Amino acid sequence: MSKDIVKPSTLPGFMELLPKDQILFNKILDTIRKTYEEFGFIPLDTPLIEKSEVLLAKGGGETEKQIYRFTKGDTDMALRFDLTVPLARYVAQHFSDLTFPFRRYHIGKVYRGEKSQRGRFREFYQCDVDIIGNGKLSVVYDAEIVSIIYATFNNLGFKDFTIKINNRKVLNGFFASLNIENTVDVLRTIDKLEKIGEKSAISELKGLGFSEDTIGKILNFIKIQGTNQEKLQALKSLDMHTEVFQNGIDELTTVIEYINSFGVPEKNYMIDLTIARGLDYYTGTVYETFLDNYPEIGSVCSGGRYENLAEYYTTQKLPGVGVSIGLTRLFYQLKEAGLLESDTPSTLTKVLVVPMDATCNEYSIKVANTLRESGIISEVYFEEVKVGKKLNYANKLDIPYVVLIGEDEIQRQMVSLKNMKTGYQETLAIDEAIKSVK
RNA sequence: GUGGGUAUAGCUCAGAUGGUUAGAGCGCCAGAUUGUGGCUCUGGAGGCCGUGGGUUCAAGUCCCACUAUCCACCCCA
């Protein structure tokens, strides 16, 4: 007796799916990829492992703490924790071989060594789209990104979602006018205002050392309501004359204007002055997308504009704008919320070819090949067991059709096609069987 | 990094106040006459009760430690 059996298990925070779910997951992924490609984004794939010096060029707290880093021989390497840093490296490295504005999408796994928690993973898929300019990048692209988010979620079958848009310059300009310096802390508080509520936000701001007067101004500012136009109007009438603020308003106005041109329905986007994004590298437009009926899921797609993507890798100035869908978490949460189709098959196979016994194998293989030539996903069941068991295989995998091959069928050069749902069975020529399966 | 919960069959969980051979549902396997599945019925396999120590005549049950895992905070997708 071997007592050396290792308990089969994965590390916590690593998602693994059963066939049904994996098929569904891939369908979602395919939809996202297809949508990105429709907008002319070029596929990119980069190594999962990069030199530590590249990934950590920027330095800074959270990244250092969460990155998977190790050495092999003398090489100090790490697993990528997002797709933006590899993009920056890639663009800087291959700058002269790329054509700008460079539109790329990247769907891949990234790694973060966080403490595990519900809906939080240590390995997860990100689906990124970014547009990188050489020296400058039109703000119209900021509007195009919104239309891409809209198209993606629309293609995924969602109708009720809102892309919330804000501009960091508007926030920063406003804070500058209040002489607030540590904007990062304020942004962080504002960002989670909705989650923690106004009271907690106020006490948190007090804790940061702001006066009631300042806090009042901040709250009044972020609580500006109305339609997008009304919000823009209200911002303009604040009559702030810092350059940054004016700049932000202008950008936001242009973005809103063009989103309309891109044909995104009014109900699917709005200016939201509380959107700040935690990441400090965003400098202009920022986005967060929410499912209207499931706000608890949080943002399902977020991103923004950054002034200088690759400053740690090149002296070229490369502004960009993009968003990312955290697919693993999205999938997990959609599943939790019961929003995924439940009656999906466990295999892609449409027809199971069942030889009655081994003497029928050769003809069965031929039949399966013919089916595949017509684009019908088919497989043959070769195990020699009772017919009932063979049919049960089709049954358990939700294969819709079975083709039975026995002596009789071979002799007549036909097939017996059985519909597993209705139980109806008839003997047909192969082409007729193909027609009725299709 | 801080705080809390949980650990019994492949999965979801029962197993008052310690007491003999540890249970259910689902799943799995096999039968109900030889080329026909799903439904039903019958039977079966499968557990060092997370690991180590302690209390006790007696521990799945009580105590301690360890480990694993989950949840919340921080931060994030």
Side-chain angles (χ1 to χ4, degrees), chain A residues 1 3 5 7-15 18 32 60-67 80-84 107-128 184-185 187-189 191-192 195-196 200 204 276-282 287-290 297-304 322-334 352 354-357 359-360 381 384-410 415-427:
Chain A
M1 264 298 272
K3 215 34 185 145
I5 291 192
K7 188 183 173 206
S9 62
T10 55
L11 291 163
F14 288 75
M15 187 172 85
L18 287 171
I32 294 171
E62 285 303 315
T63 305
E64 298 254 15
K65 274 200 313 209
Q66 297 186 344
I67 197 164
R80 63 189 182 198
F81 52 86
D82 71 11
L83 299 176
T84 307
I107 298 174
K109 285 175 170 176
V110 303
Y111 298 83
R112 290 183 199 178
E114 302 187 76
K115 201 157 185 174
S116 70
Q117 210 179 123
R118 197 169 68 91
R120 168 168 303 192
F121 297 91
R122 291 178 172 165
E123 175 188 72
F124 57 95
Y125 275 92
Q126 283 197 323
C127 309
D128 279 31
V184 174
D185 289 332
L187 287 178
R188 195 163 285 157
T189 306
D191 197 36
K192 59 186 180 185
K195 188 177 161 191
I196 63 175
S200 314
E204 201 162 301
R277 304 289 304 119
L279 292 172
D280 47 9
Y281 55 72
Y282 293 116
Y287 318 94
E288 294 219 336
T289 308
F290 295 86
I297 287 181
S299 175
V300 293
C301 172
S302 48
V323 285
S324 179
I325 299 174
L327 183 54
T328 303
R329 180 185 273 187
L330 176 63
F331 183 86
Y332 175 85
Q333 283 173 319
L334 291 179
L352 179 71
V354 172
M356 295 318 289
D357 57 63
T359 65
C360 308
Y381 192 99
E384 296 187 46
V385 293
K386 290 201 297 187
V387 189
K389 210 174 167 197
K390 297 178 187 181
L391 289 179
N392 198 232
Y393 174 83
N395 207 39
K396 285 204 283 195
L397 291 183
D398 308 299
I399 299 173
Y401 293 98
V402 164
V403 158
L404 288 148
I405 307 293
E407 255 177 73
D408 199 39
E409 285 81 1
I410 297 176
V415 299
S416 288
L417 178 70
K418 183 181 182 72
N419 180 322
M420 290 301 283
K421 199 157 188 184
T422 63
Y424 180 73
Q425 181 176 331
E426 61 182 329
T427 305

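Small disclaimer: the values here were computed from a predicted structure and weren't measured. Lettering of chains follows the sequences in order, A, B, ..., and the numbering in each one begins at 1.
- You'll find the ring centres of A:F124 and A:Y332 outside the 6.0 Å limit.
- For B:A77, the base is not stacked against the aromatic ring of A:F121, per a cut-off of 5.5 Å between centres and 30° between planes.
- Between A:V385 and A:Y393 there is no side-chain heavy-atom pair separated by less than 4.5 Å.
- B:A77 atom P lies 7 Å from atom CD of A:Q126, rounded to whole Å.
- Rounded to a whole angstrom, the distance from the P atom of B:A77 to that of B:U40 is 48 Å.
- For the C1' atom pair drawn from B:A9 and B:C66, the interatomic distance equals 25 Å after rounding to whole Å.
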Counting primed atoms, P, OP1 and OP2 as sugar-phosphate and everything else as base, the B/S/- map of nucleotides 67-72 of chain B against protein heavy atoms under 4.0 Å is --SSSS
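- Partners of A:E409 under the side-chain hydrogen bond (donor to acceptor under 3.5 Å, both in side chains) rule, at least two apart in sequence or in another chain, are A:S416.
- To the nearest whole angstrom, the two P atoms, one in B:C28 and one in B:U67, are 38 Å apart.
- Taken from OG1 in A:T422 to CE in A:M420, the straight-line distance is 10.0 Å, to the nearest 0.5 Å.
- Rounded to whole Å, the separation between the P atoms of B:G25 and B:A72 comes to 33 Å.
- Atom-to-atom, CZ of A:R112 to P of B:C74 comes out at 17 Å; the value is rounded to the nearest Å.
- Considering only heavy atoms from C-beta on, A:V300 stays 4.5 Å or farther from A:I325 through its side chain.
- Between A:C360 and A:G406, the shortest heavy-atom contact is SG-CA, 3.8 Å.
- Closest non-hydrogen pair, A:I410 versus A:T359, comes out as CD1-O, 4.4 Å.
- In terms of heavy-atom proximity, A:K390 sits nearest to A:D357 at NZ-N, 4.5 Å.
- When all heavy atoms of A:L352 and A:I399 are compared, the pair lying nearest together is N-CG2, 3.7 Å.
- Ring-plane geometry between A:Y111 and A:F14 is classed as tilted, the angle between the planes lying from 30 to 60 degrees on a 0 to 90 degree scale.
- Using a 4.0 Å heavy-atom criterion, one finds that A:Y125 contacts no nucleic acid atom at all.
- The base of B:A77 has none of its N or O atoms less than 3.5 Å from a complementary donor or acceptor on the side chain of A:E288.
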Given Watson-Crick and G-U pairs under 3.5 Å, RNA chain B in dot-bracket ([ ] crossing, | other strand) is (((((((..((((.....[...)))).(((((.......))))).....(((((..]....))))))))))))....
Reading nucleotides 5-11 of chain B from 5' to 3' and marking B where a protein heavy atom lies under 4.0 Å of the base, S where only the sugar-phosphate is that close, and - otherwise, the string is -------
For nucleotides 33-45 of chain B, 5' to 3', base contacts (B), sugar-phosphate-only contacts (S) and non-contacts (-) with protein non-hydrogen atoms under 4.0 Å give --BBBB-------
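- Here, B:U2 and B:C63 have their C1' atoms 26 Å apart, quoted to the whole Å.
- The environment of A:E384 atom CD is sparse: at most 12 non-hydrogen atoms of other residues, nucleotides or ligands sit within 6.0 angstrom.
- Closest of all the heavy-atom pairs between A:Y125 and A:T328 is N-OG1, 2.7 Å.
- With rounding to whole Å, A:Q66 atom CD is found 7 Å from B:C76 atom C1'.
- Rounded to whole Å, the separation between the P atoms of B:C49 and B:C71 comes to 27 Å.
- Here the shortest heavy-atom pairing between A:Y282 and A:G304 reads CE2-N, 3.1 Å.
- Sorted by first and then second residue, the salt bridge (charged side-chain N to carboxylate O under 4.0 Å, His left out) pairs involving residues 112-121 of chain A (not counting sequence neighbours) are A:E114-A:R120, A:R118-A:E336.
- A straight line from CD of A:E123 to P of B:A77 spans 17 Å, rounded to a whole angstrom.
- Counting to the nearest Å, the P atom of B:A77 and the CZ atom of A:F81 are 11 Å from each other.
- Comparing the P positions of B:C13 and B:U8 gives a spacing of 9 Å, expressed to the nearest Å.
- The 12-atom threshold is not exceeded at CD of A:E407, counting heavy atoms of other residues, nucleotides or ligands nearer than 6.0 Å.
- Comparing B:A22 with B:C26, their P atoms sit 23 Å apart, to the nearest whole Å.
- With the nearest nucleotide of RNA chain B identified for both A:K396 and A:V300, A:K396 has the one nearer the 5' end.
- Atom C1' of nucleotide B:C76 and atom CZ of A:R122 are separated by 14 Å, given to the nearest angstrom.
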